[in-house]
J.: 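Below is one structure. I have some questions about it.
Side chains included, hydrogens not; waters and symmetry mates left out as well; all remaining heavy atoms used. Owing to the predicted nature of the structure, the values given are computational and were not obtained by experimental measurement.
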Amino acid sequence: MEQQQGGLSMLQAVVAIVLIVVFAAVLVVLGFLRDDEHWDRLVYLLGGLEAIVFAGVGALFGSSIQRAGTAAARQDAAEAKEEAKSERERAQGLQEAATNGANLAAAVQIAAAGEPDARRGARPEAAAQPSDGRLGDLAAYAQRLFPGV
């Protein structure tokens, strides 16, 4: 018999249904035998059959109820994986952009430091500062954005 994913096989479902029908038939028979002198023994046997039938009913209905919950959990997990994947790609893109920005800032500062009109012969602090040109403005802005570069 073919096994259903997360549920009972066809054979197990048939056995559970047959047990329910047998249990109902036994209850009807016991109804007719209620005046029997061995009634207490018959009720004792009914208790064992009842346990088996309730286990079958629990498996039959429990698997169908559990299947819906399992399907929802699988869908949630798939959505979470997709979201994690997109966030990981986004984080990698932002990391690459940050690295590119730091590299650009370093290149601007290097270019500004090598400008021909840089102040020579000035105090070391003043000589380290970029000139007042457009490249100097970019270097100052890069220094503000990326102080460690």
Side-chain angles (χ1 to χ4, degrees), residues 1-115 118 124-125 128-149:
M1 293 288 158
E2 188 175 312
Q3 178 76 17
Q4 299 171 354
Q5 186 176 5
L8 298 175
S9 71
M10 187 61 105
L11 177 65
Q12 292 170 329
V14 168
V15 168
I17 291 170
V18 167
L19 280 173
I20 294 169
V21 171
V22 167
F23 182 71
V26 168
L27 288 177
V28 170
V29 169
L30 281 177
F32 287 118
L33 294 176
R34 66 179 175 256
D35 292 334
D36 190 82
E37 61 187 53
H38 300 292
W39 170 259
D40 56 340
R41 291 182 186 163
L42 294 173
V43 171
Y44 182 76
L45 292 175
L46 177 69
L49 179 63
E50 188 177 53
I52 294 171
V53 170
F54 288 170
V57 169
L60 186 64
F61 293 120
S63 66
S64 62
I65 292 170
Q66 189 65 23
R67 190 175 313 127
T70 302
R74 284 187 179 146
Q75 183 178 357
D76 290 346
E79 289 172 2
K81 282 182 182 179
E82 277 299 315
E83 185 177 339
K85 181 181 176 185
S86 66
E87 288 299 318
R88 183 173 38 253
E89 290 171 356
R90 182 174 163 263
Q92 288 172 347
L94 291 174
Q95 179 65 36
E96 185 177 328
T99 301
N100 290 343
N103 290 340
L104 178 62
V108 167
Q109 289 176 354
I110 289 170
E115 260 189 342
E125 311 88 48
Q129 293 178 353
S131 65
D132 294 333
R134 294 173 81 190
L135 195 53
D137 292 341
L138 285 175
Y141 186 61
Q143 183 62 36
R144 250 188 325 187
L145 291 178
F146 301 96
V149 177

J.: Just list the side-chain donor-acceptor pairs under 3.5 Å for residues 39-47, sequence neighbours left out, or say none.
T.:
{"residue": "Arg41", "atom": "NH1", "partner": "His38", "partner atom": "ND1", "Å": "3.4"}

J.: Please check if atom CD in Glu83 has more than 12 non-hydrogen atoms from other residues, nucleotides or ligands closer than 6.0 Å.
T.: no
J.: Could you pull out all residues at least two apart from Ser86 that satisfy side chain to side chain contact (heavy atoms under 4.5 Å, CB included)?
T.: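 Applying side chain to side chain contact (heavy atoms under 4.5 Å, CB included) to Ser86 gives none.
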J.: Minimum heavy-atom separation for Gly56 and Ala16, please, with both atom names.
T.: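 Heavy atoms only, the tightest pair is O-CB, 3.7 Å.
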J.: Any pair with a residue in residues 84-93 that passes salt bridge (charged side-chain N to carboxylate O under 4.0 Å, His left out), sequence neighbours left out, goes on the list, sorted by first then second residue, please.
T.: Glu87-Arg90
J.: List for me each residue that meets side chain to side chain donor-acceptor pair (under 3.5 Å) alongside Arg34, sequence neighbours excluded, and say none if there are none.
T.: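 Applying side chain to side chain donor-acceptor pair (under 3.5 Å) to Arg34 gives none.
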J.: Give, for atom CG of Leu49 and atom CZ of Phe54, the distance between the pair rounded to the nearest 0.5 Å.
T.: 9.5 Å
